[in-house]
Amino acid sequence: MTQSYEDFAKYGKEFADTGLKSFASLTKGAQAIAAEAGEYTKKSFEAGSAAFEKLFSAKSIEKAIEIQTDYAKQSYESFVAEASKIGNLYAELAKEAYKPFESVVAKAK
């Protein structure tokens, strides 16, 4: 009976330690994602402001349409690249958060 209690306590401590390691990975990954999103927002705002200034200085409708088209194209390409980058960060976050539990799962099998 004492042995099973000690085993249970050992596994409980191991599981708690694993959970803390996983939580640390989640925190680190979430910070990286937030930093990346913040940087993208800043760049996007700056690009929008620059396009708006160019739009105001346009001398013709054709030039204004060209500026708007270029901005829309650039914004779309930037968004797709950023979405891919953040998607990869989320995938890496999931891998890192699960990594501490791999040994626990292997022992359970």
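FYI, the numbering just counts along the sequence from 1. Computed from a predicted structure; not experimentally measured.
- A continuous path of Ile, Leu, Val, Met, Phe, Trp and Tyr side chains, each step under 4.5 Å between heavy atoms, connects Tyr90 with Leu26, placing both in one hydrophobic cluster.
- Ser84 places no side-chain N or O within donor-acceptor distance of the main-chain N or O of Ala81, the cut-off being under 3.5 Å.
- Between the Ser78 side chain and the Gln74 main chain, no donor and acceptor come within less than 3.5 Å of each other.
- Here CG of Asn88 is found 10.5 Å from CD1 of Ile33. Values are rounded to the nearest 0.5 Å.
- The structure places CD of Glu92 at 5.0 Å from CD of Glu96, a figure rounded to the nearest 0.5 Å.
- Closest approach of Tyr71 to Ala51, counting heavy atoms only: CD1-CB, 3.5 Å.
- Distance check, rounded to the nearest 0.5 Å: CD1 of Ile65 to OG of Ser60 gives 8.5 Å.
- Across all their heavy atoms, Ile67 and Ala58 have their closest contact at CD1-CB, 4.1 Å.
- Remark: Glu39 CD to Lys85 NZ distance equals 8.5 Å, nearest 0.5 Å.
- Taking CG from Leu93 and CD1 from Ile86, the interatomic distance works out to 12.5 Å, rounded to the nearest 0.5 Å.
- Side-chain atoms of Glu36 and Glu82, non-hydrogen and from C-beta on, do get closer than 4.5 Å to each other.
- Counting heavy atoms from C-beta outward, Glu46 and Ser49 have side chains that stay 4.5 Å or more apart.
- Between Phe79 and Tyr40 the shortest side-chain heavy-atom distance falls below 4.5 Å.
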